[in-house]
Amino acid sequence: MIERGGEVVIHMVDDVKQTTIEPLIKQTILPGSLVNTDEYGIYGRLPEWGYEHKTVNHSRGEYARDEDGDGFCEVHVNTIEGFWSLLRSWLRPHRGVSQEKLPLYLGFFEFVHNAKRRGKALLTSLMGVLLA
């Protein structure tokens, strides 16, 4: 889950069922928030769980939608798609990460993204977390 212009939260899950994602969504996203997703069925109960929900339908070739006619496509999932693309690119040189170690890699990548710092500035943030 990612907030546009904000932080990302990564959870490894055993399956992609509503009973699995519901508690993760509820502990991460404030009730009443707008959640944009693709058309995958597990997101269908978001309104019942207290969220405003809008979708784009990738299977119909829809990747972004301008709902108010201002020329800006408000409804899209490009932010999380871009994040996954960066993550895959970062993992690729490691040529396979064991399931056992994958949570460590994901946790580090989440930290780096949320720290919004690179180079030596990232080291300062990392040291602050390790020494806290």
Side-chain angles (χ1 to χ4, degrees):
M1 293 168 266
I2 192 166
E3 181 178 10
R4 291 183 188 169
E7 294 193 348
V8 69
V9 175
I10 302 173
H11 291 282
M12 286 190 55
V13 295
D14 294 327
D15 57 58
V16 288
K17 297 177 181 174
Q18 288 178 338
T19 55
T20 304
I21 66 158
E22 180 182 7
L24 298 176
I25 289 171
K26 287 182 173 180
Q27 74 185 30
T28 306
I29 303 172
L30 291 172
S33 297
L34 170 62
V35 179
N36 292 323
T37 71
D38 60 19
E39 73 279 8
Y40 193 50
I42 62 169
Y43 305 121
R45 293 183 60 201
L46 283 166
E48 293 173 36
W49 298 339
Y51 301 96
E52 186 178 345
H53 182 219
K54 296 191 178 193
T55 62
V56 288
N57 193 327
H58 291 166
S59 64
R60 292 188 187 153
E62 179 185 49
Y63 295 94
R65 185 173 58 254
D66 176 9
E67 291 196 326
D68 59 11
D70 66 355
F72 177 77
C73 292
E74 302 86 8
V75 183
H76 65 79
V77 293
N78 296 337
T79 310
I80 195 67
E81 295 285 352
F83 175 82
W84 287 127
S85 178
L86 288 172
L87 176 60
R88 284 190 301 272
S89 294
W90 181 72
L91 286 173
R92 192 169 294 118
H94 299 286
R95 299 211 169 132
V97 175
S98 70
Q99 283 291 105
E100 177 183 300
K101 300 262 195 263
L102 185 57
L104 296 172
Y105 283 83
L106 295 178
F108 180 74
F109 196 79
E110 178 182 315
F111 170 79
V112 169
H113 178 274
N114 292 339
K116 299 190 183 333
R117 297 175 183 208
R118 302 295 180 263
K120 292 180 182 178
L122 178 60
L123 181 59
T124 302
S125 296
L126 185 57
M127 293 302 292
V129 169
L130 294 174
L131 298 175

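Starting from 1, each residue takes its place in the sequence as its number.
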Undergrad: How long is the straight-line distance from CH2 of W49 back to NZ of K26, given to the nearest 0.5 Å?
TA: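 So the NZ of K26 and the CH2 of W49 are separated by 7.5 Å.
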Undergrad: Any pair with a residue in residues 98-107 that passes side chain to side chain donor-acceptor pair (under 3.5 Å), sequence neighbours left out, goes on the list, sorted by first then second residue, please.
TA: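 The answer is none; no pair qualifies.
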Undergrad: Is a side-chain donor or acceptor of E39 paired with a backbone partner of T55 at a separation under 3.5 angstrom?
TA: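 Checking the backbone N and O of T55 against the side chain of E39, no donor-acceptor pair under 3.5 Å is found.
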Undergrad: Rounded to the nearest 0.5 Å, what separates atom CD1 in I10 from atom CZ in F111?
TA: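 Atom-to-atom, I10:CD1 and F111:CZ are 13.0 Å apart.
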Undergrad: Heavy-atom distance under 4.5 Å between the side chains of L91 and L87, does that happen here?
TA: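 Heavy-atom side-chain distance check passes, below 4.5 Å.
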Undergrad: Taking all heavy atoms of V75 and all of K54, pick out the closest pair and write down the distance.
TA: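 That closest heavy-atom pairing would be CG2-CD, 3.8 Å.
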Undergrad: With rounding to the nearest 0.5 angstrom, report the CD to CD1 distance, E7 to I2.
TA: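 The CD1 atom of I2 is 9.5 Å from CD of E7, to the nearest 0.5 Å.
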Undergrad: Output yes when a side-chain donor or acceptor of E52 lies under 3.5 Å from a complementary backbone atom of S33, and no otherwise.
TA: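 Answer holds: no.
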Undergrad: For M1 and L24, which heavy atoms make the closest approach, and how far apart are they?
TA: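 Heavy atoms only, the tightest pair is CE-O, 3.8 Å.
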Undergrad: Just by distance, do the side chain of D15 and the backbone of T20 share a donor-acceptor pair under 3.5 Å?
TA: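 Side chain of D15 to backbone of T20, a donor-acceptor pair under 3.5 Å: no, none is there.
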Undergrad: Looking at the rings of Y63 and H58, which for Trp means the six-membered one, are their centres under 6.0 Å apart?
TA: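 When the ring centroids of Y63 and H58 are compared, they turn out to be within the sub-6.0 Å range.
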Undergrad: Side-chain contact, heavy-atom cut-off 4.5 Å: I21 with Y43?
TA: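 Side chain of I21 against side chain of Y43, heavy atoms only: contact under 4.5 Å found.
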Undergrad: Search all heavy atoms of G71 against all heavy atoms of D66 and return the closest pair with its distance.
TA: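 Heavy atoms only, the tightest pair is N-OD2, 2.8 Å.
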Undergrad: Is the closest side-chain heavy-atom distance between I42 and K17 below 4.5 Å?
TA: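 SC-SC contact between I42 and K17 ruled out.
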Undergrad: Where do Q18 and G44 come nearest, in terms of heavy atoms and distance?
TA: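 Heavy atoms of Q18 and G44 come nearest at NE2-N, 4.1 Å.
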Undergrad: Between H11 and V13, is there a donor-acceptor pair closer than 3.5 Å when you use the side chain of the first and the backbone of the second?
TA: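 Pair absent, no side-chain N/O of H11 close to backbone of V13.
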Undergrad: Has N78 got a side-chain atom pairing as donor or acceptor with I80's backbone, closer than 3.5 angstrom?
TA: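 Such a contact is absent between N78 side chain and I80 backbone.
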Undergrad: In Å and rounded to the nearest 0.5 Å, what is the CG to CD distance from L34 to E3?
TA: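 Between atom CG of L34 and atom CD of E3 there are 11.0 Å.
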Undergrad: Is it the case that the ring center of F83 lies less than 6.0 angstrom away from the ring center of F109?
TA: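 Ring centroids of F109 and F83 are less than 6.0 Å from each other.
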Undergrad: Taking only Lys NZ, Arg NE, NH1 and NH2, and the carboxylate oxygens of Asp or Glu, determine whether E67 and R65 approach each other closer than 4.0 Å.
TA: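 Answer for the salt bridge query: yes.
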